[in-house]
Student: 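Take a look at this one; I'll ask things after.
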Protein chains: 2
Amino acid sequence: MSVYTPGQVAEETGFSLDTLRYYERIGLLEPIERNAAGQRRFSDEDIGWLGMVRCLRDTGMPIAEMLRFTELVRGGGETIGDRITLLETHDHEVEAQIARLRERQAAIQRKIQHYRDILAQRNTPTPRTRPEDPTTP
Amino acid sequence: MSVYTPGQVAEETGFSLDTLRYYERIGLLEPIERNAAGQRRFSDEDIGWLGMVRCLRDTGMPIAEMLRFTELVRGGGETIGDRITLLETHDHEVEAQIARLRERQAAIQRKIQHYRDILAQRNTPTPRTRPEDPTTP
DNA sequence: GCTTGACCTGGAGCCCACTCCAGGTGGGAT
DNA sequence: ATCCCACCTGGAGTGGGCTCCAGGTCAAGC
């Protein structure tokens, strides 16, 4: 039940001041309350919503789709089914994204190992015949 | 040991023709061989390199850093240590990326569950006091 | 012999998501 | 009083990564 200055919100949410203003402009944030001087005063609710935006953004949802979600939330209780659908769809995309990352990561790790093998071989002048092999005079 | 037309490479790698030309222009691909008519003919090696590019790109490496890696690869065997370092650093970033995604995903799933709970409650007209509770006349 | 289609070039354009700027206001500290 | 700082606005600019375009060249099939 308190209010926050733009600076505090930027600090807390990690969004820049410009980004906060931008989000309000495009309607991703509803118009933020102002004090007498016209300066923004964010509410706890705004902070909460920004947390949601953070999640969606960080998981790669484009702004256009976040706007669709925003519309749904503003549309009231009748839209809850649609919100679930939207979020589930996104959840599956995130899952796919992670799976893809893991695959690519595995390939990168194989490459690293490949390079390590090359280095290892290089540091082994007499490859497979050193300690116990008596064939070298 | 065969050659591929741009169309085939696009098909196989998922990069568009324009992107392939773009990558060559900026030096992410070394100059591709040409036939008599000046048309590109990609080698198996090119395809392999594009696979690597795909991995790095899909895991979020910016082009500028892929160019650094490209330079190292062109720099010959002495750069293998540096290549390992670069790829390991990236590998850790991918790991962090995945962890972050998982966290955000969990939050999204909680939100979905929250919405589901609301719907469930709605479909239960007499919330917690129906079958066995005799306090309702 | 003409069309079609895959390719070529240099350069311009586009989209997304910010980010920056100039010029201005109001309020608190020294 | 004056300074500084955090904030305001509308609009322009940026950066990354492509993507598109006009105008042109070959090669093969009908």
Side-chain angles (χ1 to χ4, degrees), chain A residues 2-43 46-47 49-50 52-70 90 93 97 100 104, chain B residues 2-43 46-47 49-50 52-70 90 93 97 100 104:
Chain A
S2 58
V3 293
Y4 308 89
T5 64
Q8 289 169 334
V9 176
E11 176 79 12
E12 254 201 57
T13 65
F15 290 118
S16 76
L17 294 172
D18 271 319
T19 299
L20 290 172
R21 288 194 276 260
Y22 168 67
Y23 281 175
E24 183 179 352
R25 255 197 300 217
I26 64 174
L28 195 52
L29 262 54
E30 57 185 32
I32 301 296
E33 293 293 310
R34 306 300 182 107
N35 70 1
Q39 298 186 348
R40 289 173 181 79
R41 292 300 177 246
F42 292 77
S43 69
D46 294 327
I47 301 277
W49 175 246
L50 282 167
M52 188 74 210
V53 169
R54 176 98 272 162
C55 276
L56 299 178
R57 207 62 216 90
D58 283 359
T59 49
M61 184 181 286
I63 283 184
E65 197 175 348
M66 293 201 295
L67 283 175
R68 287 212 317 114
F69 184 64
T70 307
H90 185 60
E93 273 158 20
Q97 216 184 125
R100 188 181 181 73
R104 302 313 195 191
Chain B
S2 59
V3 293
Y4 308 89
T5 65
Q8 289 169 335
V9 175
E11 176 79 14
E12 254 202 57
T13 64
F15 291 117
S16 76
L17 294 173
D18 270 319
T19 299
L20 290 172
R21 288 195 275 260
Y22 169 67
Y23 281 175
E24 184 180 351
R25 251 198 304 216
I26 64 175
L28 195 50
L29 262 53
E30 57 184 33
I32 302 296
E33 292 293 309
R34 306 301 182 106
N35 70 2
Q39 297 187 348
R40 289 173 182 80
R41 293 299 177 244
F42 293 77
S43 68
D46 294 328
I47 302 276
W49 176 246
L50 282 166
M52 188 73 210
V53 170
R54 176 97 272 161
C55 275
L56 299 178
R57 207 60 215 91
D58 284 359
T59 49
M61 184 182 286
I63 283 183
E65 199 175 348
M66 294 201 295
L67 283 176
R68 287 212 316 115
F69 184 64
T70 307
H90 185 59
E93 273 159 19
Q97 215 186 125
R100 190 183 179 73
R104 303 312 194 190

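Convention: sequence-line order gives letters A, B, ...; per-chain numbering from 1. Every heavy atom of this structure was used, including side-chain atoms; hydrogens, water molecules and symmetry mates were not.
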Student: Measuring from atom CD of A:Glu30 to atom CD1 of A:Ile32, what distance do you get when rounded to the nearest 0.5 angstrom?
Tutor: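 If we round to the nearest 0.5 Å, A:Glu30:CD and A:Ile32:CD1 are 7.0 Å apart.
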
Student: For side-chain contact (heavy atoms from CB on, under 4.5 Å), just list the numbers for B:Glu33 and B:Asp46, CA-CA rounded to whole Å, side-chain angles, deciding distance to a tenth of an Å, and then say yes or no.
Tutor: CA-CA 10 Å; B:Glu33 292 293 309; B:Asp46 294 328; 5.8 Å; no

Student: Between B:Arg57 and D:dG17, does any side-chain N or O lie under 4.0 Å from OP1 or OP2?
Tutor: yes

Student: For B:Ile32 and C:dT9, give me the distance from atom CD1 to atom C1', rounded to whole Å.
Tutor: 16 Å

Student: Which pair of heavy atoms, one from A:Leu29 and one from A:Leu50, lies closest together, and at what distance?
Tutor: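 So the two residues come closest at CD1-CD2, 3.5 Å.
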
Student: Which heavy-atom pair separates B:Asp58 from A:Arg100 by the least distance, and what is that distance?
Tutor: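 Answer, listing the atom of B:Asp58 first, then A:Arg100: OD2-NH2, 2.8 Å.
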
Student: Counting only side-chain N and O atoms of A:Arg41, is one of them less than 4.0 Å from OP1 or OP2 of D:dC8?
Tutor: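 For A:Arg41, the contact criterion (side-chain N or O under 4.0 Å from OP1 or OP2 of D:dC8) is not met.
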
Student: Please tabulate the protein-to-nucleotide N/O contacts below 3.5 Å involving nucleotides 22-24 of chain C, giving atom names and distances.
Tutor:
none

Student: OG1/B:Thr19 to CZ/B:Arg57 distance, rounded to the nearest 0.5 angstrom?
Tutor: 10.0 Å

Student: Can you see which heavy atom on B:Gln97 is nearest to which on B:Thr59, and at what distance?
Tutor: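 Closest approach of B:Gln97 to B:Thr59, heavy atoms only: NE2-O, 3.1 Å.
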
Student: If the plane angle is over 60° it's perpendicular, under 30° parallel, otherwise tilted; pick one for A:Phe15 and A:Tyr23.
Tutor: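 Plane angle over 60°, so perpendicular.
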
Student: What closest approach, in Å, do A:Met61 and A:Glu65 show between heavy atoms, and which atom pair accounts for it?
Tutor: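 For A:Met61 and A:Glu65, the tightest heavy-atom pair comes out as CG-CB, 3.7 Å.
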
Student: Strictly below 4.0 Å, heavy-atom distances to any atom of DNA chain D: list the hits from residues 58-68 of chain B, or just say none.
Tutor: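 DNA chain D contact set from residues 58-68 of chain B: B:Pro62, B:Ile63.
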
Student: Each nucleotide N or O in nucleotides 2-6 of chain C that has a protein N or O under 3.5 Å away: list the pair and distance.
Tutor:
none

Student: Rounded to the nearest 0.5 Å, what separation is found between the CZ atom of A:Arg104 and the CG atom of B:Leu56?
Tutor: 10.5 Å

Student: With B:Arg41, which residues qualify under side chain to side chain contact (heavy atoms under 4.5 Å, CB included), at least two apart?
Tutor: B:Val3, B:Thr5, B:Pro6, B:Asn35, B:Gln39

Student: Find the bend of the helix from C:dG1-D:dC30 to C:dT30-D:dA1 as the angle between its two terminal axes (five pairs each), to the nearest 10°.
Tutor: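 Roughly 0° between the end axes, to the nearest 10°.
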
Student: In plain terms, say whether A:Glu24 and A:Arg34 are close enough for a salt bridge, that is, a side-chain N and a carboxylate O under 4.0 Å apart.
Tutor: yes

Student: Rounded to whole Å, please give me the gap between CD1 in A:Ile26 and C1' in D:dG10.
Tutor: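 Answer to the nearest Å: 16 Å.
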
Student: Phosphate oxygens OP1/OP2 of D:dC26: is one of them under 4.0 Å from a side-chain N or O of B:Arg34?
Tutor: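 For D:dC26, neither OP1 nor OP2 has a side-chain N or O of B:Arg34 closer than 4.0 Å.
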
Student: Taking all non-hydrogen atoms of both residues, which atom of B:Ala10 and which atom of B:Leu20 are closest, and how far apart?
Tutor: N-CD1, 3.9 Å

Student: Tell me, which of residues 14-25 of chain B have any heavy atom that sits under 4.0 Å from an atom in DNA chain C?
Tutor: B:Arg21, B:Arg25

Student: About how many Å separate SG of A:Cys55 and CE of A:Met66, when rounded to the nearest 0.5 Å?
Tutor: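 So the gap between those two atoms works out to 11.0 Å.
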
Student: Would you say that A:Arg40 contacts A:Arg21 through its side chain, given a criterion of any heavy-atom pair below 4.5 Å between the two side chains?
Tutor: yes

Student: To the nearest Å, give me how far apart CD (A:Gln8) and C1' (D:dA6) are.
Tutor: 11 Å

Student: B:Arg40 side chain N/O closer than 4.0 Å to the phosphate oxygens (OP1, OP2) of C:dC7?
Tutor: no

Student: Can you find a heavy atom in the side chain of A:Val9 that is under 4.5 Å from one in the side chain of A:Ile47?
Tutor: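 The answer is yes; the side chains approach within 4.5 Å.
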
Student: Does B:Trp49 reach the main-chain N or O of B:Leu28 with its side chain, forming a donor-acceptor pair under 3.5 Å?
Tutor: yes

